[in-house]
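Chain letters run A, B, ... following the sequence lines, proteins first and then strands; every chain starts at 1. Scope of the values below: all heavy atoms of this structure, side chains included, with no hydrogens, waters or symmetry mates.
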Amino acid sequence: MTVKQISVFVTNMTGGLAEVSGVLGSSGVDIRALSIADTKDFGILRIIVDAPDKAVSALTGSGYIVKVTEVLAVPIKDAPGGLSEVLTVLAEAGIFIEYLYAFATRTNAQDAYVVLRVPDNEEAEKALTSKGIKLLAPEEIYNI
Amino acid sequence: MERYYQPEIECASREQILDWQNERLVKQVRHVWDNVPYYRKKMEEKKVTPSDIKGVDDLYKLPFLTKDDLREAYPYGLLAKPLRDCVRIQSTSGTTGRRVVAFYTQHDVDLWDECCARAIVAAGGTNEDVCHVCYGYGLFTGGPGLNGGSHKVGCLTLPMSSGNTDRQLQFMVDLGSTILCCTPSYAAYLAESIIERGLQDKIKLKAGIFGAEAWSEEMRQDIQKKLGIKAYDIYGLTEISGPGVSFECSEQTGMHINEDHFIAEIIDPDTGEVLPEGSKGELVFTSITKEAFPLLRYRTRDICVLSRKPCSCGRTHVKMSKPMGRSDDMLIIKGVNVFPSQIETVLMEQGYAANYQIIVDRVNNSDTLEVQVEMTPEMFSDKLSQVAEMEKQLVGALKSMLGILSKVTLVAPKTIQRSEGKAVRIIDKRKI
Ligand SMILES: [Zn+2]
């Protein structure tokens, strides 16, 4: 059970981010989660949105280079040790995490989530569900 | 089967070509001596008179002309015909200093058109073709030259000029353009746009004639593959007439120089000495049939090699290699000679778009080289480490090609200026 993450190539972080969110906003797409990885010259903006297909066509239509990747979204207990529990499960299963980022929702402050990019989604999902950790379904995250 | 526009000229025997050249050169030197005081003075300084020039073998005795001469003689100093006999001017894009203006009589326009017609026929053009010309029209020779050649061949000519990609594509689809004439960078751009819009099945292009810019073999392969065409190189310069001074045939291994109109020499750019056939050096042209603006021994600054090896196409005129660089484009960075074409080759090999910009600067008395290249959807990744690794690989490949370290900057697509005439490839910020 994976969710679609959209990565966008941006060269000027401040102006670039404003532009990207402008493009999404004017096509009625809402950003659910966001993370940035950057160097001195460019950055990769990773977002999870309510309508991925619409976002991709709006962005490519505006000349952006985008890439869609399937990632895992895991709810974590909004309490001390919440994230650590998930990471421990993956570490014990020997699963390498390429990157991760966390986000909370506005509807229910009690809910926090972590987005995980791993080499093999299925393997990671199996490890997590076997320990009773449920993954977020696409509909759930898009509709948060 | 190979087709020719003027087979009796294009496939003439070596002896015949030499006969033409000897006779025309003698006549041309006399014409220039009589009508161009600027060049006559140069000849007098070298103690040469028209009677010393009995044929091509005596060519080396004549003084050179350079771009500086053209600027100094601007506008009328090298004009060899009264203005009432002239019908046209063209002018170079003039990157530095004063523009260069070239004059044409109707005879000169006709011979230029004829040269372009040879190029179009060599690319497979016939009167059944739709020739889509998106070189710039106006002072730039690209548009008018190919336009004239296309008329001579009898193609349906679309005088599109440059820019407005939407309109270019619409005409290309609606009117079924079969031959595309433009700069290679614009051809690459059009190819991208065609793929982006999924128009591949709607275009009927079969050949492209691309010039006015340096481009590599890799770029040719890329354009050929993307557009499903055969891409032919064409060479020329306003000073000598315009595009069509030389052109490629089906063999695609160099460009046949129209030797019945232009005599080519290769010289050592430092000493001015004529080099034996097969040597790499600066290309020099002598225009032997033009009336209004007949330049003798004009130094092009293009570095290339001439070859008289028989060509499989049947043409007998000498072939020149693609210019390997220009002595004025050649950058000396940290004491090393760098040609933009070398950088282009590396980019294509590494899978980047052919669109790039080179920025040279001097920081703390040391030269810096930055190569800006556009990110492509194929190269992009959501993982920073992967993009950083690609960047590192490119830096390594550039280092091994150029021998010096460069900084690579990945920029957003379509941010490097192009599409209008010549792409701006080099920005030299050094103040020396
Ligand atoms: Zn040939």
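- To the nearest 0.5 Å, the span separating CD1 on A:Ile44 from NZ on B:Lys383 amounts to 10.5 Å.
- The 12-atom threshold is not exceeded at NZ of A:Lys131, counting heavy atoms of other residues, nucleotides or ligands nearer than 6.0 Å.
- The parts of A:Ser7 that come within reach of chain B are both its backbone and its side chain, each placing non-hydrogen atoms under 4.5 angstrom from that chain.
- Interatomic distance, CG of A:Asp41 versus CD of B:Gln372, reported as 9.0 Å (0.5 Å rounding).
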Legend entry - Pair A:Phe42-B:Val411, side chain to side chain contact (heavy atoms under 4.5 Å, CB included): steps then yes or no: CA-CA 8 Å; A:Phe42 68 89; B:Val411 301; over 6 Å; no
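- Other residues, nucleotides and ligands place more than 12 heavy atoms under 6.0 Å from the NZ atom of B:Lys407.
- Contact annotation for B:Glu196: neither backbone nor side-chain heavy atoms come within less than 4.5 Å of a heavy atom of chain A.
- For NZ of B:Lys204, the number of neighbouring non-hydrogen atoms (other residues, nucleotides, ligands) closer than 6.0 Å is 12 at most.
- Considering only heavy-atom pairs separated by less than 4.5 Å from chain B, the leading option among A:Val8, A:Asp38, A:Ile6, A:Thr60 is A:Val8.
- Under a cut-off of 6.0 angstrom, the local environment of CD in A:Glu122 is sparse, with at most 12 non-hydrogen atoms contributed by other residues, nucleotides or ligands.
- Taking CG of B:Asp382 as the start and CG of A:Leu45 as the end, the distance is 12.0 Å to the nearest 0.5 Å.
- Heavy-atom pairs under 4.5 Å with chain B peak, among A:Ala37, A:Gly16, A:Gly43, at A:Ala37.
- Heavy-atom minimum distance, A:Gly63 versus B:Pro413: O-CG, 3.4 Å.
- By the neighbour-count criterion of 12 heavy atoms within 6.0 Å, atom CZ of B:Phe171 is sparsely surrounded, having that number or fewer from other residues, nucleotides or ligands.
- To the nearest 0.5 Å, atoms CZ (B:Phe380) and OH (A:Tyr64) are separated by 12.0 Å.
- Contact of A:Val68 with chain B is not made at all, since no heavy-atom distance falls under 4.5 Å.
- With rounding to the nearest 0.5 angstrom, the OG atom of B:Ser385 is 10.0 Å from the OH atom of A:Tyr99.
- For the atom pair CD (B:Glu378) and CD1 (A:Ile65), the distance works out to 8.0 Å, reported to the nearest 0.5 Å.
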